[in-house]
Colleague: 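Got a structure here, written out as structure tokens. Questions coming.
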There are 2 protein chains.
Amino acid sequence: MNLRKRGSLRACLALAILFGGASNAVAQPSKADPLPSWNDGAPKKAIIGFVTHVTTPGGPAFVPQAERIAAFDNDGTLWSEQPFYFQLAFALDRIKALAAKHPEWKNEQPFKAVLEGDHKALLAGGEPAIAKLMAASHTGMTTEEFEEIVKSWVASARHPRFKRPYTDLVYRPMLELLAYLRANGFKTFIVSGGGVDFMRAWVEKAYGIPREQVVGSTVKLKFELRDGKPVLLRLPEIDFVDDKAGKPVGIQKFIGRRPIFAAGNSDGDLEMLQWTTAGTGLRFGMIVRHTDAAREWAYDRESHIGRLDKALDDAGPRGWLVVDMKESWKVIYPFEK
Amino acid sequence: MNLRKRGSLRACLALAILFGGASNAVAQPSKADPLPSWNDGAPKKAIIGFVTHVTTPGGPAFVPQAERIAAFDNDGTLWSEQPFYFQLAFALDRIKALAAKHPEWKNEQPFKAVLEGDHKALLAGGEPAIAKLMAASHTGMTTEEFEEIVKSWVASARHPRFKRPYTDLVYRPMLELLAYLRANGFKTFIVSGGGVDFMRAWVEKAYGIPREQVVGSTVKLKFELRDGKPVLLRLPEIDFVDDKAGKPVGIQKFIGRRPIFAAGNSDGDLEMLQWTTAGTGLRFGMIVRHTDAAREWAYDRESHIGRLDKALDDAGPRGWLVVDMKESWKVIYPFEK
């Protein structure tokens, strides 16, 4: 944690108090400083200015509470996404766990590649290979069974670099931002390309976002009665992809109200940012830029994961805030001391 | 309004106060009687008993607030649906409004039938005819344009029997039930076969249910930039039908949490009721039965609209409450004096 540049005794105390607990839950934001993990500077000022404006009754930019919808991308915006999307890590672990029941996978791609840890062969399979892995790991069970599988993985899996549960790799400054918005009457939603039911298994605890406020990609479900007991089966068929131009569509389908605040980190968020900030009245678009290879990762225009290229070009002309992680964040993860 | 049977001065006073305003909004429910439009009796006792049990901290049936999800069908459960679904009335009115721009409709079914008021010819066209009418009236515009069209219709259209806006035909006892549940920490959702964006244009005002808590049928949407301005186009293609076995699927997709309370009125709600009440812990399933031809309508097993047959058979064995409108409701509509 880098407190040297702009640190102060007061900030240290505030952080010590905030980070004292083991949970990711953020206490009610302090009125003195609702974003203590953010360095003072233009980004923090812009966020607080926006929230102040839209919540000032009688002010020219006031927004009624019911319309204070904030949409957050998840991968790379609320938690890390390197060396590859955590949901893919779940899929690979799941394939390994299921291998004993599928002896044929030893000779069948892309399963063979996963079981042998042959990332090159895996990548060579392209999108069809990924689709096969996702179907084998994410479908063919009931929604309740899937939830238990994800919860069990979240509890036991460890990130290769940090040797910690994946849900430890959420961004402390973003937790503060979520809590700050909620304290100001916002409803915070996740709008992610990730699987909606994968996320719902853990987002409540990690972000304080209720599962009914998660918009994501879905597979087809089938209702059936098993001995009179109703179940919902997860079918190996994509229902909806909540990414790129799918994000405004997902927002309309699931929320039905255009957000006044949106945060993303990649070109997958471009259309969501366009849709959000093109609404009437004061709007806020924000891009988290990964610039900190030491504490997190540094990547943008050339990255295969979370590529940030067109959205970065649009940020200037459209007035979106670009948050440079290295510059703006005193802390990245809640576990940093 | 029939107050004679079990009326009392106190009930009259309470109703006079509640019905004093012109709006459908229900005030905070009275602690003395949270459901003043419900006759005393088993249904009212069952509802209050359930709510008391799940909200009693430390009690055996206590449910944390985050899990208090209540799902309500709309047509026939929260507002009337006769002589045919109000959304179909909207579609027919819309066809008439658009006819001047479509001279070819004079000779083309099912439009010809609509313009000539020939219901027999219209019915002869079956589902393909309805689908054509829905596409012509509900798609081909942006989501914002559609919202304005619906709002304008809601403001000007009048129900053929009551000569009042359709949104006047909401059930007073159900408004009280919604308010009572919310006052007890429930999140109230609509889960309807109706079009989600049709409902979102007016449910907030009519029921106090925010638009992000509406689950319904959807058409495909397409995001595009028009001169740099993003829009969502409504395409003439069904995306999802939130009816029958689609209701539990819609609940899982949009809410991601199984309700503990569900109310419906027809076989279209059967699977939602099954799904809701098969969960662990105390659950509540409720069916509104249309038994009052004088004040509303009377129909069930033989009706083409809102047929209630299988769900009525299931109600006994599965322990669902069947609410007889005529017996249980002192008032049907808020405008009754």
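Every chain is numbered from 1, with letters handed out A, B, ... down the list of sequences.
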Colleague: Write down the atom of B/L221, the atom of A/V249, and the distance for their closest heavy-atom approach.
Modeller: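 B/L221 and A/V249 have their closest heavy atoms at O-CG2, 3.8 Å.
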
Colleague: Return the minimal non-hydrogen interatomic distance between B/F223 and A/A245, and the atom names on each side.
Modeller: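 Scanning both residues, the minimum pair turns out to be CB-O, 3.7 Å.
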
Colleague: Tell me which of these, B/E204, B/K222, B/E147, has more heavy-atom pairs under 4.5 Å with chain A than the rest.
Modeller: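 Of the options given, most contacts go to B/E204.
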
Colleague: Non-hydrogen atoms of chain A under 4.5 Å away: do they reach the side chain of B/R234, the backbone, both or neither?
Modeller: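 Looking at B/R234, nothing touches chain A.
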
Colleague: Under the side chain to side chain donor-acceptor pair (under 3.5 Å) test against A/K253, which residue among B/T218, B/D239, B/D197 passes?
Modeller: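 For A/K253, the side chain to side chain donor-acceptor pair (under 3.5 Å) check succeeds only for B/D239.
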
Colleague: Please look at B/F189 and chain A and tell me whether the side chain, the backbone, both or neither of the residue comes under 4.5 angstrom of a heavy atom of that chain.
Modeller: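 Side chain only.
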
Colleague: Show me the pairs that pass salt bridge (charged side-chain N to carboxylate O under 4.0 Å, His left out) and involve residues 267-282 of chain A, at least two apart or across chains.
Modeller: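 Qualifying pairs: A/K247-A/D269.
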
Colleague: Looking at A/K244, A/K187, A/R200, A/R258, which one has more heavy-atom pairs under 4.5 Å with chain B than the rest?
Modeller: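 Ranked by heavy-atom pairs under 4.5 Å with chain B, first place is A/R200.
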
Colleague: Quick check: closest heavy atoms across B/Q274 and A/P230, and the distance to 0.1 Å?
Modeller: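 Here B/Q274 and A/P230 meet closest at O-CG, 3.5 Å.
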
Colleague: Write out, in numerical order, the residues from residues 210-217 of chain A with a heavy atom short of 4.5 Å from a heavy atom in chain B.
Modeller: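 The stretch touches chain B at A/P210, A/R211, A/E212, A/Q213.
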
Colleague: With a 4.5 angstrom heavy-atom cut-off, which part of A/E224 approaches chain B: side chain, backbone, both or neither?
Modeller: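 For A/E224, no heavy atom lies under 4.5 Å from chain B.
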
